[in-house]
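The block underneath contains the structure these notes are about, expressed in structure tokens.
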Amino acid sequence: LGLRNLDVITDTLKIIKEVRGETIDIDQVPMDDSQTYELLSAGESIGVFQLESAPMRSLMRSLAPSSFEDVAALVALYRPGPMSANMHNDYADRKNKRQPVTYFHDDAEEILGNTYGLMIYQESVMRVAQKFAGYSLEQADNLRKACGKKVRELMAQEKEKFVQGCEETGYGGALGEDLFAIIEGFADYAFNKSHSYGYGYIAYQIAYLKAHYPVEYLSALLTSVKTNLDKAAIYLNECRSMNIEVSVPDINLARSDFYPVVREKGLENGAQITFGLSAVRNVGENLVGRILEERDTNGPFLDFYDFAERCDSTVLNKRSVESLIKAGAFDSFGYPRQGLLAASESIIDHTLARRREHEMGVMSLFGESEEGPVFDERETISEIEFDKMTRLAFEKEMLGLYISDHPLQGTQSSLGRRTDTDITGLLEEEEGAFRTIGGVISGLDKRWTRAGKLMASFHLEDLASSIEVMIFPKTMEEHGHKLEDDQIVLIKGRLNDREDTPKFFGQEVEVFVPS
């Protein structure tokens, strides 16, 4: 499989080498690392391959993995086959002595002893078939194929042979019937052990990196999903929950991709990650390359005027510079974004005009230095600033995410009192769950149905997640006027989980006013 996660591992190792000077052989990390198992046992596995879904994290907290075998078992257990027999919960309970370890027959202990009496792998089924139904290796493999292909017709054919085999080996048809009832659940889906160990190994390696090098790992992880804003928002929130600040793309600190902020003394604990310049809308890799080349060659930019003087004219196009300003790339110079946005075009026009004059050999009124034209009279940058919501709206337009702040920051308590669950919790609910959720509207799309009635769709985003919301004509007639981009709202409705992507069908909308 070509997995994005393998690239993330490689990129993380590269960043660790660059930032810390450490060379990590990821295939030689200790498999008994207590810090890694503590992270997994706490369910802190957002961003960890195979182990990041909310139900899986809940299972890990229950299971408390303490060995690599447990990690591999997790990969296999959270599948429809084992889950249909409640094996995922039984494994967790038996491992932690909340439930006694039992075997369907004393002779099964030698086969299932290291999985607490449970058949969680395809190989478990094969060995049981050999031992109790007298199957040959070939016959057991055919049973495995039937399980793996999820073909119930094949399973039905196997049942009679399996039960008869149990009679012939002396274990009895009744046991055969009971055993096959469990095995039949595997027709829904079960992993083989080598597959689980392969996936588990990647999961463990990633968990190790997250436990020991969280800033470097999350930098690489965010870069890997920079075009998938839903995933990026989840990982951004994970950074916040780990007290790792993700900052707007600072023109003097940022690289092309997400990267740890490195000070003169090296990477600091609780360090921040700076947003990648290439992820800014209207600023492509080519322009970023030119900016970084100038910065790396001649040092950090002193201020916006210095940036304008030193950068190639292709960088100084109006759209790209405006995007950088709105994204906060020049915040560290102390300029308010609105003031800089108002003055930037004039500053750049004057810079380019003097540059052209210099190239044509025209002396400026104020003379020139050996390096070229200089500012003797600088355009004044006003101290005016956008209000919070406007500033954040521009930031999200350019970056796809709220970075420097969030419209919901400071409202968590009052919002929590008015809602039944957050969006992450909603996504764990059963199909049709009727709930009240809250968040910020983004990507509002109003459109007319064939019947000539107005409906709407948008994403509702809270601090941790987002979900697509559908507002149908009947609700639209009563509540449509409350819908605006960047508006904070409470929505009462039902979860629709019948398609690949869950949606929320809103029935009531209320503009949220913090209390």
Side-chain angles (χ1 to χ4, degrees), residues 247-256 259 261-264 272 274-387 390-392 394-395 397-399 403-404:
S247 64
V248 292
D250 189 314
I251 201 72
N252 275 334
L253 293 174
R255 302 201 180 191
S256 182
Y259 205 81
V261 175
V262 183
R263 310 293 182 186
E264 289 183 7
Q272 71 191 74
T274 186
F275 212 94
L277 285 168
S278 66
V280 181
R281 189 176 180 184
N282 304 323
V283 182
E285 296 276 359
N286 184 45
L287 291 188
V288 171
R290 291 173 184 266
I291 293 170
L292 297 182
E293 182 181 5
E294 170 58 34
R295 192 183 79 192
D296 294 343
T297 302
N298 297 310
F301 301 107
L302 302 178
D303 50 30
F304 184 78
Y305 306 99
D306 189 45
F307 171 83
E309 284 287 355
R310 289 166 50 187
C311 280
D312 188 283
S313 57
T314 56
V315 173
L316 302 178
N317 70 80
K318 180 180 178 182
R319 192 166 70 155
S320 296
V321 172
E322 283 189 358
S323 296
L324 287 169
I325 293 170
K326 290 177 178 177
F330 302 102
D331 286 2
S332 60
F333 295 142
Y335 306 123
R337 294 182 195 177
Q338 185 177 3
L340 183 56
L341 196 61
S344 60
E345 186 174 1
S346 177
I347 293 171
I348 288 171
D349 285 347
H350 288 150
T351 302
L352 295 178
R354 279 192 299 275
R355 194 177 291 178
R356 286 191 294 270
E357 289 176 359
H358 178 71
E359 290 169 354
M360 294 170 63
V362 178
M363 294 291 289
S364 76
L365 179 62
F366 300 105
E368 52 185 47
S369 69
E370 292 180 2
E371 290 79 23
V374 297
F375 280 103
D376 285 273
E377 293 185 4
R378 290 184 165 184
E379 181 88 14
T380 301
I381 297 174
S382 168
E383 291 299 317
I384 58 171
E385 180 58 293
F386 297 116
D387 63 80
T390 303
R391 180 170 56 83
L392 287 177
F394 278 139
E395 189 176 295
E397 180 188 355
M398 294 304 120
L399 301 177
I403 302 297
S404 63

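When reading the values below, keep in mind they use all heavy atoms of this one structure, side chains included, and skip hydrogens, waters and symmetry mates. Here the structure is a predicted model, which means the values were calculated and not measured.
Of all heavy-atom pairs spanning Leu292 and Ser256, the tightest one is CD1-N, 3.8 Å. Among all heavy-atom pairs drawn from Ser247 and Ile403, the shortest one is C-CG2, 3.6 Å. Of all heavy-atom pairs spanning Glu385 and Pro336, the tightest one is OE2-CA, 3.5 Å. Residues Val315 and Val321 come closest through the heavy atom pair O-CG2, 3.7 Å. In plain terms, the two heavy atoms of Arg337 and Val248 that are nearest each other are NH2-CG1, 4.0 Å. When every heavy atom of Ser323 is checked against every heavy atom of Val280, the shortest pair comes out as O-CG1, 3.9 Å.
Applying the salt bridge (Lys or Arg N to Asp or Glu O under 4.0 Å) criterion to Asp303, with sequence neighbours excluded, gives Arg378. Taking the side chain to side chain donor-acceptor pair (under 3.5 Å) definition, one finds that Ser404 meets it with Arg391, Glu395, sequence neighbours left out. Not counting sequence neighbours, Arg295 has no partner by the salt bridge (Lys or Arg N to Asp or Glu O under 4.0 Å) test.
Residues Leu277 and Leu324 meet the side-chain proximity criterion, which asks for heavy atoms closer than 4.5 Å. Looking at heavy atoms from C-beta onward, Tyr305 lies out of side-chain contact with Thr351 at the 4.5 angstrom threshold. Proximity of Ile325 to Tyr335: side-chain heavy atoms (C-beta onward) are nowhere separated by under 4.5 Å. Between Phe307 and Asn252 there is no side-chain heavy-atom pair separated by less than 4.5 Å. Inter-residue side-chain proximity for Asn282 and Leu287 is flagged as unmet; no heavy-atom pair is nearer than 4.5 Å.
Counting only distance, with no hydrogens or angles, the side chain of Ser344 and the backbone of Leu341 share a donor-acceptor pair below 3.5 Å. Asp306 places no side-chain N or O within donor-acceptor distance of the main-chain N or O of Phe301, the cut-off being under 3.5 Å. The closest donor-acceptor contact from the side chain of Arg355 to the backbone of Glu309 lies under 3.5 Å. Panel note: side chain Thr274, backbone Tyr259; no donor-acceptor pair is recorded below 3.5 Å. A donor-acceptor pair is defined here as one N or O able to donate and one able to accept, closer than 3.5 Å; no such pair exists between the side chain of Ser278 and the backbone of Glu285.
In this structure, the separation between CD1 on Ile291 and SG on Cys311 is 5.5 Å, given to the nearest 0.5 Å. A distance of 8.5 Å separates CZ of Phe394 from CD of Gln338, quoted to the nearest 0.5 Å.
Around CD of Glu293, the count of heavy atoms belonging to other residues, nucleotides or ligands within 6.0 Å does not exceed 12.
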